[in-house]
Amino acid sequence: MARLNPTDLPRRSPLYRTLVEAGASFAPVGDGAIAEAFGKEDSAAARTLGLADLSPLPRAGWKGRGALAWLAEGGVTGLDTDNRAVPQANGLLALRLAPTEAVLLVSFDGDTAALDGIAAGWSIDTAGLCFPVPRMESSFRFAVTGEQGAAMFAKLCAVDLRPRAFPDLAIAQTSVARMNAVVCRRDRGGVLGYEILGEWASAEYLWACLLDAMQEFGGRPVGRAALAALETSG
Amino acid sequence: MSADRIMERLPPRPGEWLDRDREIAFAFEGRCHNGFAGDTIASALAADGVSLLSRSFKYRRPRGALTMAGQDANTLVQLPGEPNTLADMRGIEPGMAAFGQNYDGSLEADRGRWVEWLGRFMPVGFYYKAFYKPFGAWRRWEPFIRRKAGLGVIDTEALHAYHDKAYGFCDVAVIGGGPAGLAAAAQAAEAGAEVLLIEEGARLGGSLTYARFDPEGARASREAEALIGAVEGADRIEVMTEAVCNGWFADHFLPVIRGNRLYKIRAKQVVVATGSMEQPIVFRGNDTPGVMMGSAAQRLIRRHAVRPGRRAVVATANGDGYGVALDLIDSEVAVLAVLDLREDPPACPRSDALRARGVPVLAGHTPWEAWAGPDHRLAGLQVAGITGQGTARPGERILCDLLCVSVGYTPAAHIACHAGAMLRYDPALGMLALAECPDGIHPAGSAAGAFDLDAAIAQGRLAGWNAARTAGFEGAAEPPAPGDLGAEQVSHPWPIFPHPKGKDFVDFDEDLQVKDIRNAVAEGYEDIELLKRFSTAGMGPSQGRHTAANLARLAAEAAGRDLAEMGATTVRPPYTAESFGILAGRGFEPERRSAMHHRHIEADAQMMLAGLWQRPAFYGSERDREECIEAEAMAVRTGVGLIDVSTLGGLEIRGPDAAEFLNRMYTFAYAKQAVGRARYVLMCGPSGAVIDDGVACRFHDNHFYVTATTGGVEGVYRQMLWFNAQWRLDVDVTNVTAAYAGVNIAGPSSRAVLAPLCPDLDLSAEAFPYMGVRVGTVAGIPARLLRVGFVGELGYEIHVPASYGEALWDALMDAGEAAGILPFGVEAQRLLRLEKGHIIIGQDTDGETTPQEADMVWALARKKPFYVGERALRIQAARPLKRKLIGFAMASPRDAAPAESHLVIRDGTITGRVTSAAFSPILGKVIGLAYVAPAQAEPGTRFTIRSHGGRMALAEVVSLPHYDPDNARQEG
């Protein structure tokens, strides 16, 4: 089967050139391509320190005074606390950023059915004070995985992200390498992990900063497959 | 290695810091030396019989190791690319090349040493009184002083090393890994606290790694094994060695330097167990290499297996000095005498053991004068019997090569002082002592006055327990309080013996003698802070570590003041020198790139910064800049061009009050704007000054998509949120700037190029008129299309989700290839908009420009009850204008166009300035925008611009726009 090139598809991660150079193999997700794997070291790196670009996976946000109520009507539950993420039964991960804002992330399989269903229910005429935020385009999505994750973040972020201070599914809206970012702890298969959302236009910059910070711990890029394997192993 | 040098390396001993399997060769002053891994530069040189390390700042006096603990400036040496390295702390490395500092020619035969003979012409504070008279003298003196002053040499070609920073958190930070610190750390961890133990040395242990607390010399290693074992076995203790806590800041913020990394530590509580610094005796020649602290000799012996000399005298005023003497004897150093400054020294186990070895002890005696041999090393001492405070009767001479001094201590309590504690002179103890420690700081060990080892350990345990309890860990039982701290009879109250011939140094760094301090006080500088600044005592690299106590004593005596009132000068961070690299760290400079960034690079774009965004200025080489820009502009005028406008701000304004919100934020009227139409937006501040502009596109009754300038969008967004926090309109504002990639395809052929890519849209002038907006697809990509006319040609601004931006760019470039499409950059766009007379906010406007001045009154709605800035504009409209922004043209050739900010001059007075100017290839002349006086603003008026080189150039006011005055090209 011919190797998928990200430029075969119209929707492109800002990092695709960097990922190609690093030896990634790609898989289609919607009308884009995701870095699936880099090599056989991926699974070990995912446990010590790895960095994955999940930007091609769909995500969406809603904000406004009525946003959380509207999402609740659409079946998104448990968004009771600011700066907490709540896994949903349909596989989505819901992040409550504020009493008036939430983000939904699709899981690794890229199945957008649940997300599409929620989005299809929105209309400017009927949703009241609830408005979509184009998180798929405004934000990149990275995953940091591995036991050295907190030590790596200590070089980039002033918030204490160590497990004892930052529980699983906690969210910090903070600064990473001097740029605004949303950091969510997301362990997989018992392995320490984090997701980062930041401005799309600075994705290349932050990717380079993260890889630089990872060097001392032997960190490297990993593909979606390694993260998915962690999740199923847990 | 010279055959004359004596090797002073001792056989292997337990607890030494050396790895004798790793021999390391290095150079000092161009000569090869060998040491072992674990040696410092100073210890390896001492092992090789080298004691001269550097020369002093003012008098160029030979200097050698004083403390072997990085507490003095005598050991500052020069490494390639790195001056002022502490030789007694820096480990040797293979191939290292070190040099002394402050000499001309050679360290041993410094050509500048004659300056010492000029000492009488350099009294204390002389630099405040000399060098500036007569008038103009400073210009002659400055170059000379610059050459002679300073420590070390900066290598301006040195490569920047990698530095970075890291954050850290703990419940209890313990600073100092000696007996008290180890006990504190273990106790705090036992209570449940997370502990960070910070130790400056290469290993834990502190004084346990060099001092002799008992006659046998066995107790230190026994205690070290137990205490270090407890720390290493504890779960909740992180240990950082070779790490310096360099200060204390609010809320227990601690900068810790380790290697090339600065750790920013936040602790809940801090234990300060930083020990104390042994203090010198002031006597003639007390700075001679070979005169060192007793603890320095012990560090050399126990840590580095170096015999510090062959024939030694020990001067002491406490039991520690006797421990030093015993260590010297055990290292086969002949101890010729012990001088005990105390008239009637009390017996103690160590002194008893020393006397039992037959070493003569001269009670009530002090060193009086030291002299050096031809190798600058100590060659002998004259001792004196003490007759009173600061007086002695000179006596016998002793030939020796080593004098060890143990006459007292000053707490190394800098961190506690940074937090607000004070160092005050305690007459009962005869030394400076810590007082007024603030909450959250827990001193322990000799820093807190506990000199007895048991007391130091007990005090450490109690401090650790207190710190943990205050941090919220209350489980553990309170440890017992320490007994007698052993602080009395540790420090001699007056180790100062001025000599009639001087050279009795109070401050080694600044070469200050007793007479200098007395003269400064005599000049009126009695206050310790003023005395410091006038004399420079305590201002050198060691920052008064060995000066403070004697300075206080001498100042009190000279001023006739109570010594108990004297303290030390204010202690401030940093504790040690910090390089700029440490402070700078890695440096993070965020950057924003559009989705098409790499296509621009591939097309040889010259990139420029617009805020954090990278934008193409033009495409081509820098040397062809003007030609490239003109070609791009002409492509837009005659064919089709494509520009990346992704950086322009984008804001979604949604909700039932969206139109009302825009009505209030902007000057124009939006309530009746039709869906599918765009309208110009002009934002003013409350003062009426123009802030930003763009267009508002209405996609629904309750939905506007508003554009803003690249540099202004963040401020516009903040203004919107701020105002609506007060108005509380039912509207949501979302900044979607980075969510959309945008292009402007412009030129007479733009419609023809675009149409095939938009099967679902009718792009004709009738179906999609000027200032219309549509939603559809371009090359299958969902898009918003705007017909706006910034560059003055038929054109379409296309906004797509950012991740499709590159695909969009490729599709348009392919579609336009046959039409000769060219990408154009910011510079061509600036020229094109200038031809249309469109202003650029921030270039053609300043912080005070009003719409009236910028000829934009047409954008002010007359019937709205309110918009931001309305009241100010109404008031200003009633006043005469002071300036007016106009268009101008010049008959100058293309290379004589004035530049921005060139002044408009009338009758010798400034009446305005140029804001934009360029040669227009399509018009064949220089055009621009400028502020002029209102009287000069009529079209046809001629005015003068002071252009390049002061040349006066003539310009004429013209009506705007310069090009296509009927706007037929952009509205077709």
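No experiment lies behind these values; they were computed from the predicted model shown. In what follows, chains carry the letters A, B, and so on, assigned in the order in which the sequence lines appear, proteins first and then strands, with residues in each chain numbered from 1.
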Salt bridge or not between [X] and [Y]? Use side-chain N to carboxylate O under 4.0 Å.
X	Y	value
R266(B)	D160(A)	no
E199(A)	R593(B)	no
D730(B)	R65(A)	yes

From [X] atom [atom1] to [Y] atom [atom2], the distance as rounded to the nearest 0.5 Å:
X	Y	atom1	atom2	value
E204(A)	Q614(B)	CD	CD	10.5 Å
H598(B)	R12(A)	NE2	CZ	12.0 Å
E591(B)	Y205(A)	CD	OH	9.5 Å
S646(B)	W200(A)	OG	CH2	8.5 Å
T734(B)	W62(A)	OG1	CH2	13.0 Å

With a 4.5 angstrom heavy-atom cut-off, which part of F699(B) approaches chain A: side chain, backbone, both or neither?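 Neither part; nothing is under 4.5 Å.
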If one checks every heavy atom of D810(B) against chain A at 4.5 Å, the contacting part turns out to be side chain
Per-residue contact mode, [X] against chain B (heavy atom under 4.5 angstrom):
X	answer
C130(A)	neither
E101(A)	neither
R17(A)	side chain

R11(A) to Y804(B) - nearest heavy-atom pair and separation:
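The pair with the smallest heavy-atom distance is NH1-OH, 3.4 Å.
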Q: Quick one: closest heavy-atom pair of P590(B) and A177(A), and the distance?
A: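 That would be CG-O, 4.0 Å.
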Ranking Y162(B), Y740(B), W613(B) by heavy-atom pairs under 4.5 Å to chain A gives rank one to Y162(B)
Chain A shares the most heavy-atom pairs under 4.5 Å, among S594(B), A807(B), A741(B), with A807(B)
pair [X]-[Y]: side-chain heavy atoms closer than 4.5 Å:
X	Y	answer
L808(B)	P10(A)	no
E652(B)	P132(A)	no
K155(A)	R586(B)	no

Among the listed options [options], the residue most often paired with chain B at heavy-atom distances under 4.5 Å:
options	answer
T100(A), D31(A), T7(A), V159(A)	D31(A)
G64(A), C157(A), S13(A), G32(A)	C157(A)
A213(A), P14(A), A158(A), G128(A)	A158(A)

With distance as the sole test, does [X] use its side chain to make a donor-acceptor pair with the main-chain N or O of [Y] at under 3.5 Å?
X	Y	value
R178(A)	F588(B)	yes
E137(A)	A802(B)	yes
K63(A)	D732(B)	no

CG of D125(A): more than 12 outside heavy atoms within 6.0 angstrom?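 Yes.
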Count the heavy atoms belonging to other residues, nucleotides or ligands that lie under 6.0 Å from CD of E589(B), then report whether that count exceeds 12.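 For E589(B), atom CD is not crowded (no more than 12 foreign heavy atoms under 6.0 Å).
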Worksheet item: For S202(A) and R592(B), does a side-chain donor sit closer than 3.5 Å to a side-chain acceptor?
Response: no
- Please determine, by modelled atom types, if E806(B) and Y16(A) share a side-chain donor-acceptor pair under 3.5 angstrom. yes
**Report entry** chain A-proximal positions within residues 163-171 of chain B [heavy-atom distance under 4.5 Å]
**Finding:**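 If one takes a 4.5 Å heavy-atom cut-off, the residues of residues 163-171 of chain B near chain A are D164(B), K165(B), A166(B), Y167(B), F169(B), D171(B).
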